[in-house]
Visitor: 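Please read through the structure below; I'll follow up with questions.
First the proteins, then the strands, lettered A, B, ... as listed; each starts at 1. Not measured: the values here are computed from a predicted model.
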Amino acid sequence: MDYYNLLTTCAFIHLLVSIPYAYSNYVENKAGQFFSSGHTNNWAVLVCTSRFWFNYRHVANTLSVYRSVKRLGIPDSHIVLMLADDMACNYRNPKPATVFSHKNMELNVYGDDVEVDYRGYEVTVENFLRVLTGRLPPSTPRSKRLLSDDRSNILIYLTGHGGNGFLKFQDSEEISNMELADAFEQMWQKRRYNELLFIIDTCQGASMYERFYSPNLMALASSQVGEDSLSHQPDLAIGVHLMDKYTFYLLEFLEEVHPASQANMNDLFKVCPQSQCVSTPGHRTDLFQRNPGSVLITDFFGSVLLHDMKQLVADVSSQKPKQKDWHPPDGFILGLWTLILLVFFQTYGIKHLKHIF
Amino acid sequence: MGLLSDPNRRKALTGLLTRLNTPICIVCYLAGIVWFMGLAFEPFTLRTYMSENAMGSTMVEERFSSGERALSLAKEFDPPSACCGLNGMPVEWLVKAMQSRGLEVFTQSFSRKLPFPDENKERYMVRGTNVYGILRAPRAPRTEALVITAPCSPGNTNNQAVALLLALAQYFRNQIYWAKDIIFLVNEHDLIGTQAWLEGYHHTNITGMEYSPLQGRAGSIQAALSLELSSDVITSLDLVLEGLNGQLPNLDLANLFYAFCQKLGVLCTIQGKLQRNDWDTAEGYTHAAQTMMLMVLKQACGRSWGDHGLFLRYHIEAASVRGINSFRHYKTDATTIGRLLEGMVRKLNNLLERLHQSYFFYLLPSLSRFVSIGYYMPAFGLLAVILLLRALDLWVHLGAPALAAVDGVTEPSSPGVLTVLTPVVISHLTGVALYLLPVHLQEMAVEHFPVSETEAVVLTAIAIYTAGLALPHNTQRLLSGEGTEQGWKVLKLTALLYLAVLLGCTALINFSLGFILAVTLVPITASITPHMPKALYAVVMVLLSPAFTILYCVFIYQELIEAPVSVSEGWMLFLSVISQGILDHALYGSLVYPLLALFIYPCWLMFWNILFWN
C-alpha cells in the first residue's frame, strides 16, 4: 500500500513539474515558428478591376477582404485598396453609401472608415504595376504607395472578369499573366517582399499564376483554366449579385481566424471545394520555400507586429503565463483527484465496491 | 486561247447553265418557299435569351401595390372629364394630377391637316394636345431618359392605362434608385400625337406637322413602352413589336417582357396567339407558322401597329403592351400589371448603353422562340438567285454570235438604246403619275363624280394602275415597229437586274415586304417572253401584280386573325388599305406606298411591255 501511494505521489509530482516545461516548449516552438517566417511587417494590395453596376459583387468581394484584413491587424497605412467603380454612391443603389456583402443586408462592408486609395479610373494596369514595382512619380502620396521592404509579407487580392491568361481592367484593357509574373520578378529583384500570397477570384483564375517564376510566391485561384467562377447570391431589393462564391467561402473561413489563430495554408487550400463552388479552386506552392502546413494564415492576412514579439520573449523567460485569471494547470487537478480516489479506496477497501455497484 | 480563263471550260459551264436554267429556277423557287415555311418548325428555331449583361435576370423585388387605386382613379374619368371621350383630352385635369404627384408637367399642342379625310378614324383636320410629366432621377445627371406612354384618343377608351400610368408615377416618385429620368407621356390622336411629340423632342420636322416647341426635356431617350389597357379586367397581355417600315425593336426588349411574364405568372401572347408546347404535332406547327405569317404580314405593310412604332426611327427601342380581355377564367389584376411594368422599367434603368446586344432583325413564331436574319435570309436569297440566273442566261444568249439572220433582212446587231429606254421611261412616268396624281386630283374627281375624297383618291389610284395596262400598245406605236428579238431580250435583262436590285434592297430593310413581293413577282418575271399565249399570260400577270398581291395579303390576314371576310368586305378592306398606305406615307413617312408606286409598279410594267412585244 505504501509503495502504491509512493508511486502515485511521484507520478503526480512529475506531472506537476512537466507542465511548465511543456508550456515553455510550446512557446519556444511558437517563437521559433514566428522567427522562421522571416517577416517583420505586413502589406495588402486589394484590387477590384471591374466597373458598372452589375459588377457590384466584385467591389463587395474586395471590400469584404479589406474588412477581414483590417480586423486581423493590418492598418490602413499598410493597405492599398483599389476600387474601379463607386457602388456605394451609384445612382442605382437603393441604399446609398452602403455596399452589402450578404443578402438581407446584414453586413455593410463599406462602413464609414473605409480608405480607398485608387478609385474609379485611377485603377489601371499601369497604376497597378507601378504600385507593385514602386515606380511611382515623386508626387504620389504615401497612402498610394506600397512601401514594402525585404521583410514584408504581402497579400495581393485581385477580382474582376478574367479569361485564359488575362484579367480585364475597367472594360478597356487587360493585364496578362506574363506581365504579372514579370512585375513580381521586379519586386523580387528590388527586394520588395519577403513572401507574397496571391489570391485571384475570376473566371479561369488559375491561368494568372501559371507563369510565375520568382521565389517565395504562393498563389490561390477560384477556378481552373476553362472554368467560370460563379456568383453566390442575388439580392432582390438591390437587384444585383452580392458576392462571388469563392470569396464568400473564403470569408466564412476568415471569420474563424483571429490574430492568435494557428490555422495554416493547408486549411486555406481546402476552402470552397467543388461541391460548394462548382468551380475547382487551385493553388500553387512550388515557388514557396516553406512548407504550406507551417505557414500561418496570419502571416499574410494579419499583422503580428514587433512589440508582440518582445512580449513573447518576456513570457518565455518568466515561465509564468500572464493571464487575466490564473487557473491551476490541468495535470495538477487530475493528479489531485487520483490521489483522493486512491486514499478513498484504500480506506474503505475494494471489497466494499460490490455494495456500491 | 484565252489568257486568264479557259474558253472551253467557260463554254461548257455556260452551256450547262443555259440547258439547266429552267429546272434550277424551279428548284430554287420551291426550295425558297419550303425554307420559309420551315422557319416556323421549332427545332429550326432558337430559344430566346437575354443578351444584355446589364439587365441580368429578373432580379428585382417588385413592390408596386396600388393597382386597385389606379382602377378607381380610372373611374374618376366621368363624362365631363372623360379621357378618351368625345370632348377630347382633359388637359387641365391631367396636368393637375401629374403635378400633384411631383412630376414636372408640360404640354404641347399640335395640328395637322391630312391630305384627305381618314375614314377609318374619321378625322381630317387634327388638332390636339400632348401632356407629359418628367420624373427627375433624384441623384443622377439628366442625361438619359425612359418613356412610358399611354395613348388617348377619342373612340379608344384607354382610361385604365392612363390611370395606371399615374399610379406608377406616384410609386416611382418615392424610389431613389432611378438613374434615368422617366417621362410619362399621354398623347392625343395616337400616332399623330406621338409623331408631334417625337419631332418636338428631337427638333426635326420630317412630316410637315405643326407643333409648339417642347418646354421641358429630359435627355437622350434609351427605351420606351406604350400601354394600352381598355378594360378593368385583363386576362392576357399582348406584345406588339412591328413598327414603321417594318422596323423592329431590339429582341432584348421582347425577352425582357417575356421573362417578367413568366416571373409574375401573367399570360402573355404575341399576335394575339398563346404559346403551345406541342411543336411536333401538325396543329402545333400550323400555330407557329400562323404566328410567324401574321408577323410577316404586319411587318410587310409598313405601318406602325402600336404607338411605339414611331420611336424606332430615332433609335429608341420601344414596344407596345396591350391588355386583352378574352373572358378567360383566370384574370390578372392591375397590381400585377403594375409590377410587370415596374420590373421592366427597373431593369431598363440598369442599362448603361442603348439595347444593342441582341438581334434587330428577327421573326418570332412564338414569344420564346426566334428566327434570326441569318436563318431567314437564305429563303429570299434563293428567290433572288432565280432572277440572276435568268439574267445570266439572257446575257449568254445575247453575247452568243448572232445566228444567221432569219430571212436575210439585216437586223441591227444590237438594238438601239431607244428601244429599251422608251419603255423604261414611260413605265416610270406612269409610276410617278400613280404616286402624285391620286392625292392632287382628288378635288377634280370629287367635282365630276359622286364620291367622297377618300374614295376619289383610291379609285384614281386604281384607275391609273389599270390604265398602265394599256400602255404597251401605245408604246409600240411610238416606236414605230422597232421590236426585234434582241430588243425584248435586252429589255428583259435590264428589267430582271432592276427587279433583283429592288427586291434585294427592300429585303434588307424590310424582309417581309421583299419576300412577299418576290414570291409573286419572281415566277412571272422570270418566265415571261413575248412568244407565249398572250391572253393566258396576261391574265396570270395581272393576277400576280402588286395590287393583287395586296388583295391576297388582306384575305390571308383576315383568315389568320380568325375573322374571315367575304369577297365584297375584302374588297372594301383592300380599298381602305390603299388609303391607309397613302396616309401613312403622308403623315409618318412610311415608304411602302412610294416603293410600290415609283419602283415596283414600273418594273412590273416593263415586264408587261415585254409580254406584248412584237
Side-chain angles (χ1 to χ4, degrees), chain A residues 48-60 84-106 108 110 120-121 159-163 168-172 202-203 228-245, chain B residues 50-65 135-146 171-182 218-220 222-223 252 256 259-260 263-264 339-357:
Chain A
C48 161
T49 60
S50 37
R51 55 174 34 243
F52 304 140
W53 173 245
F54 58 89
N55 290 322
Y56 183 101
R57 60 188 186 277
H58 297 141
V59 172
D85 201 0
D86 184 4
M87 296 306 164
C89 299
N90 193 308
Y91 317 127
R92 297 167 182 81
N93 195 345
K95 305 270 179 215
T98 60
V99 172
F100 288 101
S101 72
H102 195 275
K103 78 171 167 196
N104 300 327
M105 304 194 204
E106 285 169 17
N108 171 17
Y110 201 66
Y121 288 108
T159 182
H161 288 290
K168 184 172 75 155
F169 267 71
Q170 300 270 12
D171 209 35
S172 63
T202 65
C203 301
D228 288 337
S229 283
L230 303 177
S231 53
H232 184 58
Q233 45 183 231
D235 182 311
L236 293 180
I238 303 182
V240 284
H241 286 282
L242 291 184
M243 277 197 75
D244 280 328
K245 281 190 157 70
Chain B
M50 286 295 283
S51 302
E52 175 67 60
N53 215 353
M55 289 213 288
S57 62
T58 53
M59 230 179 357
V60 281
E61 200 178 10
E62 299 94 358
R63 294 214 196 96
F64 180 70
S65 55
L135 171 72
R136 299 286 181 193
R139 295 177 282 150
R142 299 171 178 187
T143 47
E144 292 175 346
L146 296 170
Y171 174 70
F172 285 172
R173 186 78 174 89
N174 294 332
Q175 312 304 321
I176 57 168
Y177 46 67
W178 298 115
K180 306 183 204 294
D181 294 344
I182 304 182
S220 151
Q222 308 289 96
D252 263 340
L256 187 68
F260 273 100
K263 181 184 183 200
L264 295 172
R339 288 202 171 162
L340 191 135
L341 291 167
E342 178 200 350
M344 282 183 80
V345 174
R346 198 157 167 207
K347 279 286 136 190
L348 288 172
N349 178 48
N350 280 355
L351 282 178
L352 297 146
E353 313 163 286
R354 289 175 198 268
L355 287 168
H356 68 281
Q357 301 277 11

Visitor: Looking only at heavy atoms and a cut-off of under 4.5 Å, which of Gln175(B), Arg139(B), Lys180(B) has the most pairs with chain A?
Guide: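 Of the candidates given, the most pairs with chain A belong to Arg139(B).
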
Visitor: Heavy atoms only, distances under 4.5 angstrom: which of Ile176(B), Asn349(B), Asn350(B) has the most pairs with chain A? Name it, please.
Guide: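 Top option by heavy-atom pairs under 4.5 Å: Asn350(B).
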
Visitor: Under a 4.5 Å heavy-atom cut-off, does chain A meet the side chain of Ala137(B), its backbone, both or neither?
Guide: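 No part of it gets close to chain A.
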
Visitor: How close do Phe54(A) and Leu352(B) get, heavy atom to heavy atom, and via which atoms?
Guide: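 What the structure gives for the nearest pair is CE2-CD1, 3.5 Å.
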
Visitor: Under 4.5 Å heavy-atom distance to chain B, tell me which part of Asn90(A) shows up: side chain, backbone, both or neither.
Guide: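 Contact with chain B involves the backbone of Asn90(A) alone.
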
Visitor: Counting N and O atoms only, with roles assigned by atom type, does the side chain of Arg92(A) sit under 3.5 Å from a partner on the main chain of Arg346(B), one being a donor and the other an acceptor?
Guide: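 Between the backbone of Arg346(B) and the side chain of Arg92(A) there is no qualifying donor-acceptor contact (under 3.5 Å).
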
Visitor: Please name the pair of heavy atoms, one in Ala237(A) and one in Arg63(B), separated by the smallest distance, quoted to 0.1 Å.
Guide: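 Closest approach of Ala237(A) to Arg63(B): CB-NH2, 3.9 Å.
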
